[in-house]
Amino acid sequence: MHTRRIPIDPANIDRAVIKEAAALIRAGELVAFPTETVYGLGADALNASAASKIYAAKGRPSDNPLIVHISRFEDLCAVASGEAARAGRLAEVFWPGPLTVIVPGSDKVPRETTGGLKTVAVRMPGHPVALALIEESGCLIAAPSANTSGRPSPTEAAHVAADMDGRIPLILDGGAVGIGIESTILDLTEEIPLILRPGYITKEMLEEALREEVRMDPGLCAAGDKKTTYSECCGGSLHVSAAPGAGTGLRPKAPGMRYRHYAPRAELIVLEGEPGRVAEEINRLVRSRQAEGKRVGVIAADETRSCYRADVVAGAGARAQEEVIARRLYGILREFDDLNVDVIYSESFDTPRMGLAIMNRLLKAAGHRVVHV
Ligand code: TXA
Ligand code: MG
């Protein structure tokens, strides 16, 4: 299949392009489009055969459900069943925007979209191209991130093309996205609303809007409670965390958060600790891996970037500008792949607001290999 990539200016949307893309969605085809978080791979959410094409194009496990994207709040009722008071309060504050809610699903949503769950994930994206496409198609659009399953999510159209060329008919190229990591997912089917995936919208923001307690999925936070020695990279002297929930029986509630994900092809290891010691240890590790003939990359904050000697050193942004770090992260991981890097050592980015979301993605990309120095 030939994949066309059509530029579209979010500030001055070409209606003819949107009409063409919308016709493809109505015909049960796939269209990749920009959202404010990452690029999505869209299909008619209520058309089972269209939704199943998403799994084929991404190589995605069929039990991993999709997010239904809507352009009007009323459309929540088309896919949800039961009371939507809490969703309504959140929608007023955060939609259109980077928040996905999980609500009880209606029978109209095919299992190809819900992954066979009784609940459904819904979000109204805060991007003019995404909203125009949903509206013009007259459909609700199921859209996961437009990457091959297991690779970093695409934050620009070139990333989508790298993964989807030949697999889908159309990519709408609206330029680089604004946020760069996927939406916050909040499960409203729990008595106490539960964050299944941290994102730009934080627990504190949700609590303020709902005026009630919000919890973090303990399956996400369980990483690091069991330490195992990671002798391959550290000569047996340092410790690395095991996979999330190891030893606790806990696992993330969102099916997609259970897989190793967002991952570059290179081996990625995150180092935590006092910045001077982290730099010293990373430089030591780089030298020892280079001595084995490996190409080694480092991800560092702008402030400490010049401390490193490696084959490639990527500046993730200043620690004070966590939005920049979030926006750059996936692109950096893809760049390392393009540069054929074998091993990546990364500083950790526990920034005040988005640190949880940034570290969640970075640790998943690393398969939760963390060295504490
Ligand atoms: O920012 C985003 O949310 C992007 C853009 C394209 O909108 N989309 C996105 O979709 O990240 P995806 O498919 O890559 O991630 C959706 C996540 C998966 O982890 C999936 O398991 C979870 O949402 N999910 C979907 N429906 C669910 C449900 N009913 N219950 C629990 N988790 C669900
Ligand atoms: Mg994804």
Side-chain angles (χ1 to χ4, degrees), residues 1-10 13-14 17-18 20-25 27-45 50-61 64 66-69 98 100 123 125-134 136-137 139 141-183 199 256 259 261-265 326-339 361 364-365:
M1 181 187 294
H2 173 65
T3 303
R4 279 191 311 150
R5 182 165 149 195
I6 306 183
I8 185 159
D9 178 358
I13 291 179
D14 183 339
V17 172
I18 293 291
E20 197 179 335
L24 282 168
I25 296 284
E29 294 298 334
L30 304 185
V31 175
F33 60 95
T35 81
E36 79 281 34
T37 55
V38 298
Y39 271 76
L41 182 59
D44 179 353
S52 68
K53 287 182 186 170
I54 288 177
Y55 293 86
K58 280 180 62 90
R60 180 176 174 112
N64 190 6
L66 306 174
I67 297 173
V68 177
H69 293 65
T100 296
R123 112 171 172 95
H127 193 290
V129 171
L131 290 171
L133 177 64
I134 301 165
E136 181 66 37
S137 69
C139 300
I141 298 189
S145 48
N147 51 288
T148 301
S149 197
R151 292 211 69 207
S153 294
T155 53
E156 44 186 272
H159 301 161
V160 181
D163 286 9
M164 292 297 150
D165 251 351
R167 296 170 174 265
I168 63 173
L170 180 61
I171 300 169
L172 294 179
D173 181 350
V177 301
I179 293 179
I181 54 177
E182 306 85 343
S183 61
Y259 308 109
H261 202 186
Y262 316 118
R265 291 194 193 93
R327 198 183 306 137
R328 282 198 192 155
L329 180 64
Y330 287 142
I332 289 175
L333 296 178
R334 281 181 179 263
E335 251 167 57
F336 278 128
D337 281 347
D338 296 341
L339 295 167
R361 305 313 194 273
K364 268 170 71 67

Exercise. Between Arg5 and Asp173, is there a donor-acceptor pair closer than 3.5 Å when you use the side chain of the first and the backbone of the second?
Worked result: no

For this session: Verify, without hydrogens or angle tests, whether Arg265 (side chain) and Asp337 (backbone) share a donor-acceptor contact under 3.5 angstrom.
Result: no

For this session: Please tell me if the side chains of Leu333 and Arg361 come closer than 4.5 Å, counting only heavy atoms from C-beta onward.
Result: no

Exercise. Residues two or more places apart in sequence or in another chain: which of them pass ring pair (Phe, Tyr, Trp, His ring centres under 6.0 Å) with Phe336?
Worked result: none

Problem set entry | Intermediate values then yes/no, side-chain contact (heavy atoms from CB on, under 4.5 Å), Ile18 and Ile8 | CA-CA 9 Å; Ile18 293 291; Ile8 185 159; 3.7 Å; yes

Exercise. What closest approach, in Å, do Phe33 and Ala143 show between heavy atoms, and which atom pair accounts for it?
Worked result: CZ-CB, 3.8 Å

Problem set entry | Rounded distance [0.5 Å steps], OG in Ser153 versus CG in Leu41 | 11.5 Å

For this session: Measure across Ile141 and Gly42 and return the closest heavy-atom pair with its distance rounded to 0.1 Å.
Result: CG2-CA, 3.6 Å

Problem set entry | CD1 on Ile179 to CD1 on Ile181, rounded to 0.5 Å | 8.0 Å

Exercise. Going by an N to O cut-off under 4.0 Å, is there a salt bridge joining Arg123 and Glu182?
Worked result: no

Exercise. Do side-chain atoms of Lys58 reach the backbone of Asn147 as a donor and acceptor pair under 3.5 angstrom?
Worked result: yes

Problem set entry | Leu66 side chain near Tyr55 side chain, heavy-atom distance below 4.5 Å | yes

Problem set entry | Heavy-atom closest contact (Pro128 atom, Pro10 atom, distance) | CG-O, 3.6 Å

For this session: Could you check if a side-chain atom of Thr35 sits within less than 4.5 angstrom of a side-chain atom of Val177, using non-hydrogen atoms only?
Result: no

Problem set entry | Non-hydrogen atoms of Ile134 and Cys139 that approach each other most closely | CG2-O, 3.4 Å

For this session: Could you list the residues that satisfy side chain to side chain donor-acceptor pair (under 3.5 Å) with Glu20, not counting sequence neighbours?
Result: Arg4

For this session: For the pair Asn64 (side chain) and Gly256 (backbone), establish whether a donor and an acceptor sit closer than 3.5 Å, ignoring hydrogens and angles.
Result: yes

For this session: State the CD1-OG1 distance between Ile332 and Thr155, to the nearest 0.5 angstrom.
Result: 10.0 Å

Exercise. Roughly how far apart are Ser52 OG and Arg60 CZ, rounded to 0.5 Å?
Worked result: 13.0 Å

For this session: Please name the pair of heavy atoms, one in Ser149 and one in Gly59, separated by the smallest distance, quoted to 0.1 Å.
Result: CB-O, 3.3 Å

For this session: Decide side-chain contact (heavy atoms from CB on, under 4.5 Å) for Glu29 and Lys53; before the verdict, give the C-alpha distance in whole Å, the side-chain angles of both, and the deciding distance to 0.1 Å.
Result: CA-CA 8 Å; Glu29 294 298 334; Lys53 287 182 186 170; 3.4 Å; yes

Problem set entry | Distance, nearest 0.5 Å, that separates CG of Leu24 from CG of Leu170 | 6.0 Å

For this session: Would you check if Ser137 and Val31 make a side-chain contact, meaning some heavy-atom pair closer than 4.5 Å?
Result: no

Seminar exercise, completed: Tightest non-hydrogen contact, residues Ala162 and Arg334, listed as CB-NH1, 4.3 Å

Exercise. Does a donor on one side chain sit under 3.5 Å from an acceptor on the other, for Ser183 and Thr37?
Worked result: no

For this session: Please examine the side chains of Asp163 and Pro154, heavy atoms only from C-beta on, and report whether any two atoms are closer than 4.5 Å.
Result: no

Exercise. So do Leu30 and Met164 actually touch side chain to side chain, heavy atoms under 4.5 Å?
Worked result: no

Exercise. Which residues pass the salt bridge (charged side-chain N to carboxylate O under 4.0 Å, His left out) test with Asp44, sequence neighbours left out?
Worked result: none

Seminar exercise, completed: CG (Leu133) and CG (Leu172) are apart, to the nearest 0.5 Å, by 6.5 Å

